[in-house]
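Read the structure below first, then the notes.
What you see is a predicted model, and the numbers here were worked out from it, not measured in a lab.
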Amino acid sequence: MLIRLTGLVTVEHEGAAPQHLSGAQAQVAFARLVLERFAGTGRDALADTVWPDGLPDTWASALRSVVSRVRAFVAAPGQGPGATPLVSQGGRYVLRLPADAAVDVEVAASAVGEAGEAFGAGAYPVAQQLAAGAIANLRGSFLPDHDGEWACGVRDHVDELRICALETASLSASALGEEHHALRWAEEAVRRAPFRESAYRCRMAALAAAGNRAEALRCYQQLRQVLAEELGIDPGPESQDMYLSLLRSPAPAADAPLPAPGPAAVAVAVAGAAPAAGPAAGPAVPAVDPVLMGIFEPLPPGRWSRSGPPVRAA
């Protein structure tokens with residue numbers, strides 16, 4: 001079973017066409033039940049998630065109707081009567097998924113964490129592959145039609161996860177001399193997070209690796225202007241250090257691109273002094289933030305390994 005919570009909310013059973021779940025209320029209930037399936041979701045918490053602006057007078061019966069929709073949606077093809085993966089226990093709803101069930105955001109979170117570890121170990125091909133897989137699985141937004149506190153919180157974390165994947169993929173590609181891919185991922189990271197310094201540093205690294213030092217320096221000036229005009233702050237120490245490093249390096253000949261940066265050069269884009277204060281500061285290393293991992297229920301040990309069940313791109 002493959003469950004997608006980003007983009008179209010769907011369930012895919014092997015050998016069957018994908019099933020799409022429509023309706024914002026059913027989608028957000030399903031998403032929370034999936035992400036909290038190991039501990040279960042309290043009835044009141046689920047109701048507050050479905051109706052974030054206030055419960056209707058008949059919310060108890062309305063919630064049962066929403067849960068019934070979810071229960072029918074997750075029922076496996078050919079399942080016998082009375083058998084259901086969604087049960088109520090002690091005031092909590094517990095969703096029992098098959099052991100081989102894959103959830104796109106969980107697989108992506110695990111892949112980004114492993115990609116960060118691989119990058120730190122210098123295994124750039126592995127880091128790039130894992131990060132690229134996470135990007136492919138997070139192309140859509142998480143419940144864009146629902147604005148409740150829980151949904152918005154998870155959406156922010158998923159967006160952060162996507163940016164971490166883009167940065168890791170870009171830096172890994174730069175280290176491998178794949179300038180085109182490095183720049184493409186870095187530019188998407190900047191577009192999605194226009195105040196994030198680490199995204200700009202990825203773009204600077206990709207441009208420098210392609211031999212375009214002048215454009216890399218202009219990228220820093222763009223960052224400086226955006227932060228000054230929008231946030232009233234200067235770039236942090238690590239961004240400044242990278243800019244100064246580019247200034248001090250000899251200018252390449254017009255027809256001689258810079259060599260692909262090795263581990264030390266790429267590290268300038270992500271390491272250095274402590275991150276700058278404020279919303280523009282990005283992660284010090286290209287790995288998923290521990291807070292991000294905390295939004296998902298703990299997975300069984302070793303559940304998602306690099307050779308675990310793949311999640312196909314949408």
Side-chain angles (χ1 to χ4, degrees), residues 6 102-139 157-190 192-193 196-210 238 242 259-272 274-275 281-296 298-313:
T6 57
V103 182
D104 58 354
V105 292
E106 293 176 347
V107 174
S110 180
V112 171
E114 292 185 23
E117 294 177 359
F119 183 90
Y124 303 124
V126 175
Q128 182 183 14
Q129 182 180 16
L130 288 166
I135 295 168
N137 282 300
L138 297 176
R139 282 300 177 188
H157 286 306
V158 170
D159 291 343
E160 171 72 13
L161 176 64
R162 183 185 295 109
I163 297 299
C164 287
L166 288 167
E167 292 177 349
T168 303
S170 176
L171 292 170
S172 299
S174 289
L176 294 169
E178 300 177 4
E179 297 90 354
H180 173 74
H181 294 304
L183 187 57
R184 174 170 59 88
W185 281 317
E187 288 181 340
E188 183 176 350
V190 170
R192 290 181 177 273
R196 187 184 181 97
E197 291 191 43
S198 54
Y200 282 87
R201 293 197 298 272
C202 289
R203 188 169 185 268
M204 292 167 67
L207 290 167
E238 56 273 83
M242 187 174 186
V266 174
V268 177
V270 293
V285 294
V288 61
D289 193 295
V291 176
L292 175 64
M293 296 299 293
I295 68 172
F296 305 121
L299 297 174
R303 175 72 176 278
W304 302 116
S305 65
R306 293 175 191 163
S307 59
V311 175
R312 300 183 297 277

- Message: One thing to verify: whether R196 and E160 come together as a salt bridge, which I'm taking to mean a side-chain N less than 4.0 angstrom from a carboxylate O.
- Response: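 Salt bridge between E160 and R196, a charged N being under 4.0 Å from a carboxylate O: yes.
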
- So, are E188 and R192 salt-bridged, with charged N and O less than 4.0 Å apart?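 Salt bridge between E188 and R192, a charged N being under 4.0 Å from a carboxylate O: yes.
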
Euclidean distance, [Y] [atom2] relative to [X] [atom1], rounded to 0.5 Å:
X	Y	atom1	atom2	result
M242	R201	CE	CZ	8.0 Å
M204	L183	CE	CG	13.0 Å
H181	S174	NE2	OG	11.5 Å
L207	C202	CG	SG	11.0 Å

Heavy-atom pair with the smallest gap, counting every atom of [X] and [Y]:
X	Y	value
A131	A115	N-CB, 4.0 Å
S170	A186	OG-CB, 3.4 Å
L171	A205	CD2-CB, 4.3 Å
A199	E167	N-OE2, 3.2 Å

- Query: Counting only N and O atoms by type, is there a donor-acceptor contact under 3.5 Å from the side chain of S172 to the main-chain atoms of T168?
  - Reply: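 Looks like yes, one N/O pair under 3.5 Å.
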
- Would you confirm whether E179, through its side chain, and A206, through its main-chain N or O, come within 3.5 Å as a donor-acceptor pair?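 Not at all, since once roles are kept as given, no pair shorter than 3.5 Å links the two residues.
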
- Message: I'd like to check the side-chain contact (heavy atoms from CB on, under 4.5 Å) partners of A108; sequence neighbours left out, ordered by chain and number.
- Response: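 By the side-chain contact (heavy atoms from CB on, under 4.5 Å) rule, A108 matches A134, L138, L161.
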
Hey, are the side chains of [X] and [Y] touching, using non-hydrogen atoms and a 4.5 Å cut-off?
X	Y	value
R139	T6	no
V112	L130	no
R162	D159	yes
Q128	W185	yes

- Message: A quick test of your reading: do over 12 heavy atoms of other residues, nucleotides or ligands sit less than 6.0 Å from CD of E187?
- Response: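 More than 12 within 6.0 Å, yes.
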
